[in-house]
Amino acid sequence: MFRILDAKQLASDVKWFRIEAPLVAKHRKPGQFVIICLDETGERIPLTVADSDPEKGTIELIVKAIGKTTMVLCRKEKGDSIAHVMGPLGRPTDIEKVGHAVVVGGGVGTAVIYPLAQALREAGNYVSAITGGRTKDLVVLEEELEKVSDVVYATTDDGSYGFKGTVADKLVELLEDKERPIGAIYCAGPVPMMRAIAELTKPRGIKTIVSLNPIMVDGTGMCGGCRVTIGEETKFACVDGPEFDGHEVNFDELWDRLSAYHKQERVSLERMEHECELDAQ
Amino acid sequence: MALTPKERMKIQRQDMPEREPGVRNQDFKEVNVGFDLKLAQLEAERCIQCKEAKCIDDCPVEIDIPLFLEHIANGDLKSAAEVLLKDNALPGITGRVCPQEEQCEKVCVRGKGKGCPVAIGHLERFIADWARENLDEKFTPPEPTGYKVAIVGSGPAGLTTAGELTKKGHDVTVFEALHTPGGVLTYGIPEFRLPNEIIDAEVDRLRRMGVKIICNVVIGRTFTIDELMNEEGFHAVFVANGAGLPVFMNIPGENLKGVYSANEYLTRSNLMRAYRFPDYDTPIIHGEKAVVIGGGNTAMDSVRTAKRLGAKQATLVYRRSRAEMPARNEEIHHAEEEGIIFKLLCSPVRFLSSEDGWVCGCECIEMELGEPDASGRRRPVPIKGSEFIIECDLVVEAIGTGANPLLTSTTPDIELNRWGNIIVDEKGMTSKAGVFAGGDITRGGATVILAMGDGKKAAAAIDRYLCEKAAK
């Protein structure tokens, strides 16, 4: 059992957790993730490790309640526990000195780029961070990013907070700033957002690393469920990734494969809601 | 009164009682029911107690087969269980999935000519099941040696080694990457062939012996081998992480929705219990028309799983003929009984897509058998212009597995062959001092019992290695 030592609501459906997982904490590097399983009937889902403290033996996870598992997880509080936390998994990010590094997070994807901002800054880069959401409540981790970046831009599609527009719109502005040319871009978020950013940077030839989130089961390269097409090659995101060259990713295929269990996900959710109603009675 | 050899020779081989094909292909309960005491005794009496028993030589873990059979014949099940458990820590598992027809039963003198060998496997299962329910074992811990051994992987090789080394007094910790122990036994073999409760019970017995099992630890990520030895204080390591890398066919349409590797399909169903969705949270695609590619046990397991998950049409596509299939005869036979369609001598060339990205067909080409290849089996040769389409909404590729590079890539001083398998000497030692390996990571995809044989051999070598270390 892995104990939840602290929990905090970041937005209406986004929650932050500090979890006791000493073996993961000891070895985890930025860019890596864990696979968690809530209980004996649970499914295995990957979650990026937002931060870790090897001394205290803790890791931090940021979770958006979207499906059944994440919803159940987001109802957990300090003192509760998670049956299984496995990791760290995936290849750590290659942290290089590129001069001006831009990290771009869409919604809860910001949890993925937060540790990268930290590591890129420590490596001597000037770090610009863009974090965005559809509306004000969906912009997360802005304060945390402030501490580890040189400049932070918050964006909302509806203009309810910060820059009005998408993270890609904001990136266009940065791309046009001749004073501070961009060495590399690291981005994580919904597939359409990552695709939009890769399409923006490809003609300009700016290195763009995207963190992919396909469906996974084991996380060790054993099942191949998380396969993605990178250039002409099939890669397993759990062991070869999760980060890849955004200019080589087949986003259409990734987007389509993510929809494979939509029907079952609805069944799970409806059943959970029904059980909650029964509990409430 | 003991029977005379002549009387023993008159007894016919007893069939394994099985559940009706049309009933069992609707659920995941075990196909084989098992012998009762009467059947078991009758079958055990068929053993003529050879002085030089070839069956023992052909058993990778060298069980004293005639002795345990004699105890069964005499109705002394306790002694039979003790004989069996002395050499085999996982008899409920091997009694179900071991290819006895290729090993102990193959050399049984009762099987000569038109005869039938003694059903050693069925009797092993009988005794294992009896022992699990009835045997009250007291484990007295041996004198601790003070040596710590790390085992990577809790599949058949790892568990066997762990049991053997614990008996010698070493302090053994098994690291399992997944959240449940058992390795391929748990994620790969379906419950209708090997119920998870059998694995749980045999793992639990090892724990009672003193074996420590830590799940959710991925060697190669959570720790490297060097960290285990230099920082965590392990004196020796046994690597038995299996053949956990799916091989894909590399044909167009492979990444469509509804196309699985057998590893993923079986892991979802067996380890994650997706066959009980939504009671269990992991989903799995239920195909109306399933196509499974391959001819081994994994292919049989996959296609029979698809049938149980409601496929009206479950088809096995294999590029050679039935005679060349690597699956156990029993499994092929069970699959046929359960209504699996065998489409032999053909191979997929591409998968067809529906408008919304789901697989909707499997285009195959017919094959004929040419000259024998390196494996000694006749090579399949495509027949030009013979392409045809099998309509389907689920495809499972079960064409083999490779060596998973996660561990070996982080331990560059372990020598590998060109397929990425770890090279070991006859004692199971790798090119890295103190590191041993066995099972599928050294062999490529093989059997449970061969992995256990490797484990036993390596345990002896590790024990010797540690004793020599002590003498220095």
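Letters A, B, ... are given to chains in the order of the sequence lines, protein chains preceding strands, and every chain is numbered from 1. All heavy atoms count here, side chains included; hydrogens, waters and symmetry mates do not.
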Trainee: Chain B heavy atoms under 4.5 Å from A:Val34: which part of the residue, side chain, backbone, both or neither?
Mentor: neither

Trainee: Is chain A contacted by the side chain of B:Phe248, its backbone, both, or neither, given a heavy-atom distance below 4.5 Å?
Mentor: side chain

Trainee: Which of the residues A:Ser259, A:Gly90, A:Gly67 is involved in the greatest number of heavy-atom pairs with chain B at under 4.5 angstrom?
Mentor: A:Gly90

Trainee: Any side-chain donor paired with an acceptor under 3.5 Å for A:Arg227 and B:Asn255?
Mentor: yes

Trainee: Relative to chain B, which segment of A:Leu254 carries a heavy atom at a distance below 4.5 Å: side chain, backbone, both, or neither?
Mentor: neither

Trainee: For the residue pair A:Arg44 and B:His179, confirm or rule out a side-chain donor-acceptor distance under 3.5 Å.
Mentor: yes

Trainee: When you compare the side chain of B:Leu178 with that of A:Asp218, does any pair of heavy atoms fall below 4.5 Å?
Mentor: yes

Trainee: Below 4.5 Å from any heavy atom of chain A, which atoms of B:Arg221 appear? Answer side chain, backbone, both or neither.
Mentor: both

Trainee: Pick from A:Glu253, A:Lys26, A:Glu265, A:Glu40: which one has the most heavy-atom pairs with chain B under 4.5 Å?
Mentor: A:Glu253

Trainee: Chain B heavy atoms under 4.5 Å from A:Val239: which part of the residue, side chain, backbone, both or neither?
Mentor: both

Trainee: Examine whether an atom of B:Glu232 lies under 4.5 Å from a heavy atom of chain A, and if so say whether it belongs to the side chain, the backbone or both; otherwise answer neither.
Mentor: side chain

Trainee: Parallel, tilted or perpendicular: which one describes the rings of A:His27 and B:Phe223, with boundaries at 30° and 60°?
Mentor: perpendicular

Trainee: With only heavy atoms counted, which part of B:Arg268 is less than 4.5 Å from chain A, the side chain, the backbone, both or neither?
Mentor: side chain

